[in-house]
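Throughout, protein chains are lettered first and strands after them, A, B, ... in sequence-line order, and every chain is numbered starting at 1.
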There are 2 protein chains.
Amino acid sequence: MPALPSSLDSFDLAILAILQRDNTTPQRLIGEAVNLSAPAVQRRIKRMEQTGVIAGNVAVVEPAAVGQPITIFVEVELESERAELIDAAKRQFSATPEVQQCYYVTGEADFILVITVADMGAYEALTRKLFFDSNNVRKFRTFVAMDRVKVGLTVPLPV
Amino acid sequence: MPALPSSLDSFDLAILAILQRDNTTPQRLIGEAVNLSAPAVQRRIKRMEQTGVIAGNVAVVEPAAVGQPITIFVEVELESERAELIDAAKRQFSATPEVQQCYYVTGEADFILVITVADMGAYEALTRKLFFDSNNVRKFRTFVAMDRVKVGLTVPLPV
DNA sequence: CTCTTAAATGCAAGTTTGTTTCGTCCAGGA
DNA sequence: TCCTGGACGAAACAAACTTGCATTTAAGAG
């Protein structure tokens with residue numbers, strides 16, 4: 001449960017900008033970049049982690065390097081949009097490791113999935129499990145990524 | 001330029017699994033988890049960073065906490081698919097901070113974008129800049145995320 | 001205008017973590 | 001068998017993180 005309203009000043013934003021690029025940057029260097037001492041930087045980072053501004057610290061793995069070179073987008077349209085069935089779908093997608101990202105959306109689809117697989121065979125098997133075996137998926141549209149032009153979770157920061 | 005063929009053994013994969021969840025985990029703890037000494041863990045991490053298996057180390061920022069609560073998907077269809085125009089589009093999308101992710105895809109669209117903005121007004125302005133002012137966008141379809149059900153860059157790792 | 005208070009800072013000490021060195025242990029090839 | 005390359009662990013070393021404390025800053029009350 002994120003604490004949203006928190007007041008982030010320009011120091012916090014400058015720190016976030018650095019950590020979003022490389023969270024292994026030493027606090028000493030961050031301090032030099034934003035004109036604060038290392039302890040001050042550390043206290044601000046800790047506070048942002050505790051309040052949920054920083055949701056996590058992760059290594060980004062190159063999918064192709066671990067044998068999962070295929071990225072696929074899927075628009076999923078459900079038969080019924082009963083809340084209970086929506087939630088069931090959310091739970092199933094969340095629990096599926098190949099589903100890297102899942103969004104519940106407005107518009108001509110109900111869900112958009114980002115899927116990572118080793119090959120099209122694996123995707124075919126996954127569609128069977130996620131879509132055909134479900135009796136609540138009306139249809140789905142597949143887009144295979146030819147180029148991961150820009151990938152990341154970087155959030156644009158105000159001024 | 002990622003070096004793909006590299007041979008990752010089960011130690012490497014176990015280390016990656018941990019770092020994908022939390023890259024602040026001390027090497028000592030990682031070592032205990034995978035039955036290796038801290039220096040061994042450190043050498044493997046360094047090697048994977050150098051070979052591109054680990055593409056980066058980043059803090060994940062909660063968009064709502066920094067005033068960017070709206071996530072939007074856009075399917076973009078171009079007028080012309082001349083290579084030169086495709087590349088121009090890739091460059092423009094890459095250079096736009098609000099475009100968090102951009103994929104060049106097969107299927108009924110040419111690009112899929114993941115966009116992060118503060119409000120719909122900002123999105124409207126962005127569409128003007130990216131789509132209407134371009135004379136190579138035939139049409140685009142917008143999906144507004146109501147729920148970021150699952151978000152991340154976690155890659156499923158082989159056994 | 002001064003005083004008080006709460007919050008944030010910098011410095012310095014202490015602790016943990018990351019890094020290097022070095023000797024040892026396999027495994028493969030001559 | 002001998003040699004060589006690669007990876008390992010233990011220990012020493014260096015760097016980074018963390019904490020305690022006195023000081024500064026800013027805002028509000030008197």
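Taking 4.0 angstrom as the limit, A:K46 places none of its side-chain polar atoms (N or O) nearer than this to OP1 or OP2 of C:dA8. Contact annotation: B:Q27 side-chain N/O to C:dT19 OP1/OP2 distance is under 4.0 Å.
You'll find the ring centres of B:F132 and B:F140 inside the 6.0 Å limit.
Of the candidate nucleotides C:dT20, C:dT9, C:dA12, C:dT20 has the atom nearest to the side chain of B:P39. Considering only the side chain of A:P26, D:dA16 comes nearest among D:dA16, C:dT17, D:dC8. Considering only side-chain atoms of B:Q42, the nucleotide from C:dT20, D:dG9, D:dT19 that sits closest is C:dT20. When distances are taken from the side chain of B:R44 to each of D:dA7, C:dT9, D:dT19, the shortest belongs to D:dA7. Closest to the side chain of B:R28, from the set C:dT17, C:dT19, D:dG9, is C:dT17.
Among B:F131, B:F93, B:Y103, the one residue that satisfies the ring-ring contact (aromatic ring centres under 6.0 Å, His included) test with B:F111 is B:F93.
If you chain together hydrophobic residues whose side chains sit under 4.5 Å apart, A:V151 and A:V61 never meet in one group.
Evaluation of atom-type donor-acceptor distances gives a pair under 3.5 Å for the side chain of A:R43 against the base of C:dG10.
Closest non-hydrogen pair, A:K150 versus B:T96, comes out as NZ-O, 3.0 Å.
We find that CG of B:L29 is positioned 17 Å from P of D:dC17, with the value rounded to whole Å.
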